[in-house]
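Naming convention: chains lettered A, B, ... in sequence-line order (proteins, then strands); numbering from 1 in each chain.
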Amino acid sequence: MLPHVFTMPDQPQAARKTLEERNQMDDLQRLRHSCAHVMATAILRIWPDAQFAYGPPIDHEVYGFYYDLDMRHRITPDDFPAIEEEMRKVVKENQAFERMVVSRQEALEMARVGRLGALVPRPEPSRFKLDLLDAIPEGEEISIFKNGDFWDLCAGPHVARTGNCKAFKVMSVASAFYKGDANNPQLQRLYGTCFKNKAALDEHLERVEQAKQRDHRKLGKELELFKIDEQVGQGLVLWLPNGAIVRNELQKFISEQLEKQGYSQVYTPHIGKLDLYRTSGHFPYYEESQFPPIAEREVIERLSDGNCSCADLHNALRSGEESGFLLKPMNCPHHIRIFDSKPHSYRDLPVRLAEFGTVYRWEQSGELGGMTRVRCFTQDDAHLFVTPEQLDREIQGCLELVKIVLGTLRMDDYRVRVSLRDPASDKYVGDPANWERAENALRDAARSLGKPFTEEPGEAAFYGPKIDFVVKDVIGREWQLGTVQVDYNLPERFNLSYIGPDNEKHRPVMIHRAPFGSMERFVGVLIEHFAGHFPVWLAPEQVRILTISEKFDDYAESIFARLRERGVRVKMDLASDKVGAKIRLAQLAKVPYMLVLGAKEEEQQAVSVRHRHSGDLGMQPIDEFVLRITREIAERALDNAG
RNA sequence: GCCAACUUAGCUCAGUGGUAGAGCAGCCGAUUUGUAAUCGGCCGGUCGUCGGUUCAAAUCCGACAGUUGGCUCCA
């Protein structure tokens, strides 16, 4: 479950737009596309052997376009100034973008003599352009765009002159497989962006810089929320005390909601027998994304005595000849065995089994990062066993939960994706009528969220349709958080049943749902959502007491005790610093409330309250503050000041 | 997994072939302070690891590990 989603710029094939779509390309895209040509021109002047592939404008938070290329020189960020310098010259030359329609023959000839994506004919053919030409359907118009000496196979459209690309920046260099296929060679991908004017560019760069300040990896370190330790392992999150508080509060909150919705919470072990996952189909089908199986000591010893190799052991486990265990990649098999531990009447249904269940997946090393892509994570998982008639209502219930929790955190910047089956394919299990019903139920549920959603036929799993919640991180990457999936497959595989009113056995339908995905990813996204300024109920440190001088240590102790007794997470700063310094530290630690204590306060049994956003709130009786903060915590209120 | 860049004190970073530096944090002392940095001292690193080149390596080369940006993958 929990597919991680990564959406990047349109891949070439998908990018083949119709003429109409291209005409609708907005001004900014047109400008950026033109800037990509300016960049290519500049690169060729510096490195004449560059072979260009694709160079589209993209819809991305940070980047505005890229151009994929291949050449001997490896571009590094040190090269950016020189590239930009050369680009400025091209802009200054104010070359006209000229469109020229050619026949396929003519285009092929240009590519053969290396004239496309080039300043002059070259000994080497324009190999990517040749390939690109192949992809253009017969009968479609083929156009060449020229600016100065640079000729490129390009559908356009472009701005009038290179002089329009006034405000640009080369942003980043990375690599990309040609045509997005891992079997193809890797090209250098140079990202850049371009705006109408310098002010707009500067504003954009400033925004990108601001966004980086909220990166959960940076804040996670600064606020001591979590760490990933080299000695523990890649992709294995250590929740530090502060992060653990945030997670705990969230889990408490979610648990409360689960109770209200009639869920039963369960606990299950982190491993299970291989046979369990054979039944579920997870092993060895998804083998490459699981940690390798665990063999029993007795088996290892017996086989080693017979000179058995690692490969033999592996094969014996794989084939089932020997038994072993698997770190669980999903919680459903365990929950299914709980459901199946006794017979069920239709009157018992729905059975809703919930667990903050920890799962392990072998993600590729290059994909790991922060808390958003890890190898061990805890899902806010649950499995609902329902009759077909109950499906609609239960799906609705799942979305209710999402609405409540995301609403409380005011996280409304997500998109909803409904994944449906591909009508043309026959890979799907389960009765088509049931699918129809489930898809309608999911669609209705999505509609009830009151947010725009996309329907994506062909994206459903083979076992059932689903609805996903997708959010963006600070650098524009999309991550899937929650998911609600209907499953017709596992009840079959485990031969689940309930006794219906007709006294016959019936097959239940399962719903997998993890409304926030994993605690790791959710908290990672949450850190960025709040920029580390957690609302009081989530804040690891809710109040910090700052004394004016050591004379007030005793008074501080009494306030401290008072707050702690009421369950408030409070700390004291009794150092001999000035208040200004103490405030600075508390602000940097993003503590929501600071209580400044001096002579005035002690005299009147009061506290001077400072809020991290609103500043000095003045002096108030301690009782009043206790009331204020405990209410704020109980209500799970957000900072008014944001 | 692939391509590239990066890895120096707990943190942020300087140091490009000649015996390791700063600020912050920590500790000690002085100061007793009113809403975003009081002053001074001390402690702290076999420069990611291993190997190579060199009279000499944080610095050059290689392998490995980790991080970052992409690509690929993601039940």
Side-chain angles (χ1 to χ4, degrees), chain A residues 1-6 8-9 11 60 62-63 66 68 70 74-78 171-191 215 217-218 221-222 224 227-235 277 280-283 285-290 329-330 332 359 361-370 373 375 461-464 466 475 477 479-480 483 485 487 489-490 512 546-553 574-589 594-601 608-612 615-619:
Chain A
M1 232 58 16
L2 256 208
H4 302 298
V5 173
F6 183 72
M8 260 316 280
Q11 284 309 314
H60 187 273
V62 180
Y63 311 125
Y66 65 80
D68 283 351
D70 188 31
R74 298 279 135 189
I75 297 176
T76 73
D78 294 340
M171 304 285 284
S172 160
V173 61
S175 81
F177 293 108
Y178 180 54
K179 288 185 172 172
D181 183 338
N183 298 313
N184 282 339
Q186 281 184 304
L187 306 176
Q188 304 190 58
R189 175 170 291 178
L190 200 52
Y191 286 97
D215 190 315
R217 291 166 298 191
K218 179 177 156 70
K221 194 184 280 184
E222 286 172 5
E224 296 182 8
K227 84 164 291 190
I228 294 170
D229 184 85
E230 206 177 309
Q231 294 195 39
V232 173
Q234 275 188 295
Y277 298 101
S280 69
H282 295 123
F283 183 85
Y285 188 63
Y286 293 112
E287 194 171 15
E288 74 293 346
S289 49
Q290 290 163 173
M330 302 187 80
C332 21
V359 297
R361 297 188 190 171
W362 189 260
E363 304 288 359
Q364 296 187 75
S365 61
E367 269 305 334
L368 299 170
R373 191 81 184 260
R375 283 182 173 158
F462 71 90
Y463 53 77
K466 59 176 181 164
I475 47 179
R477 295 185 289 206
W479 299 102
Q480 179 180 315
T483 184
Q485 314 193 345
D487 186 348
N489 178 47
L490 286 179
H512 308 250
L546 315 176
T547 48
I548 295 291
S549 91
E550 283 166 17
K551 291 177 216 142
F552 310 106
D553 284 5
L574 303 181
S576 65
D577 289 327
K578 293 184 184 173
V579 227
K582 295 186 183 187
I583 285 172
R584 181 168 176 274
L585 289 175
Q587 288 284 156
L588 290 175
M594 288 152 264
L595 300 182
V596 177
L597 304 186
K600 283 185 294 185
E601 289 78 11
S608 282
V609 182
R610 182 188 162 95
H611 186 265
R612 64 183 166 197
D616 193 349
L617 302 180
M619 199 159 79

Check: Do any side-chain nitrogens or oxygens of A:R217 fall under 4.0 Å of OP1 or OP2 in B:U68?
Finding: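 Yes, A:R217 has a side-chain N/O under 4.0 Å of OP1/OP2 on B:U68.
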
Checklist line | Side-chain N or O of A:Q364 closer than 4.0 Å to phosphate OP1/OP2 of B:C73 | finding: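 Checking A:Q364 against B:C73: no side-chain N or O falls below 4.0 Å of OP1 or OP2.
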
Residues in side chain to side chain contact (heavy atoms under 4.5 Å, CB included) with [X], at least two apart?
X: A:K227; value: A:D229, A:L238, A:L240
X: A:V609; value: A:Y593, A:L595, A:V607, A:L617, A:Q620, A:F625
X: A:S172; value: A:Y63, A:Y191
X: A:I475; value: A:R217, A:D473, A:R477

Roughly how far apart, to the nearest Å, are [N] and [M] at atom [atom1]?
N: B:A5; M: B:C28; atom1: C1'; result: 42 Å
N: B:C6; M: B:G62; atom1: P; result: 12 Å
N: B:G48; M: B:A57; atom1: P; result: 15 Å
N: B:G10; M: B:C50; atom1: C1'; result: 26 Å
N: B:U8; M: B:C3; atom1: C1'; result: 26 Å
N: B:A4; M: B:A63; atom1: P; result: 11 Å
N: B:U31; M: B:G41; atom1: C1'; result: 15 Å

Rounded to whole angstrom units, what separation is found between the [atom1] atom of [X] and the [atom2] atom of [N]?
X: A:I475; N: B:U68; atom1: CD1; atom2: P; answer: 10 Å
X: A:Y178; N: B:G70; atom1: OH; atom2: C1'; answer: 19 Å
X: A:I583; N: B:G34; atom1: CD1; atom2: C1'; answer: 8 Å
X: A:R584; N: B:U35; atom1: CZ; atom2: C1'; answer: 14 Å

Across all strands, who's sitting opposite [N] as a Watson-Crick or G-U wobble pair, both distances under 3.5 Å?
N: B:A63; value: B:U49
N: B:U32; value: none
N: B:C2; value: B:G70

Note to self: Can you work out whether A:D78 or A:G615 has the more 5'-proximal nearest nucleotide on RNA chain B?
What the structure shows: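 Nearer the 5' end of the strand: A:D78.
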
Next item on the list: Report the residue (A:R375 or A:S175) whose heavy-atom-nearest nucleotide on RNA chain B is the more 5′ of the two.
Entry: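 Its nearest nucleotide being more 5', the pick is A:R375.
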
Taking the side chain of [X] as heavy atoms from C-beta outward, which of [options] is closest to it?
X: A:F177; options: B:A75, B:G34, B:G1; result: B:G1
X: A:Q234; options: B:A37, B:U35, B:U67; result: B:U67
X: A:S608; options: B:C3, B:C74, B:G34; result: B:G34
X: A:S289; options: B:C3, B:U35, B:A75; result: B:A75

Next item on the list: Scan nucleotides 41-48 of chain B nucleotide by nucleotide, 5' to 3', and note B when protein non-hydrogen atoms come under 4.0 Å of the base, S if they reach only the sugar-phosphate, - if neither.
Entry: --------

Note to self: So if I define the base as every atom that isn't primed, P, OP1 or OP2, how would nucleotides 28-33 of chain B read as a B/S/- string at a heavy-atom cutoff under 4.0 Å?
What the structure shows: --BBBB

Dump every N/O contact between nucleotides 8-16 of chain B and the protein below 3.5 Å, one line per pair.
from, atom 1, to, atom 2, distance (Å)
B:U12, OP1, A:K221, NZ, 3.2

Item checked: Which residues share a side-chain hydrogen bond (donor to acceptor under 3.5 Å, both in side chains) with A:S608, sequence neighbours left out ->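 If we apply the side-chain hydrogen bond (donor to acceptor under 3.5 Å, both in side chains) test to A:S608, skipping adjacent residues, the hits are A:E601.
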
Item checked: A:K582 to A:D577 - nearest heavy-atom pair and separation ->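 Smallest interatomic distance, heavy atoms only, reads CE-O, 3.5 Å.
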
Margin query: Taking any heavy-atom pair under 4.0 Å as a contact, classify A:A581: base, sugar-phosphate, or nothing.
Written below: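 Result for A:A581 = sugar-phosphate.
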
Notebook entry, point to check: Base, sugar-phosphate, or nothing for A:A174, non-hydrogen atoms under 4.0 angstrom?
Noted result: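 Base, at least one base heavy atom under 4.0 Å.
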
With [X] via salt bridge (Lys or Arg N to Asp or Glu O under 4.0 Å) - residues at least two apart:
X: A:R612; answer: A:D639
X: A:K218; answer: A:E222
X: A:E550; answer: none
X: A:D68; answer: A:R189

Next item on the list: Answer yes or no: side-chain N or O of A:Q186 and base N or O of B:C2 forming a donor-acceptor pair under 3.5 Å.
Entry: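 Flag set: donor-acceptor pair detected.
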
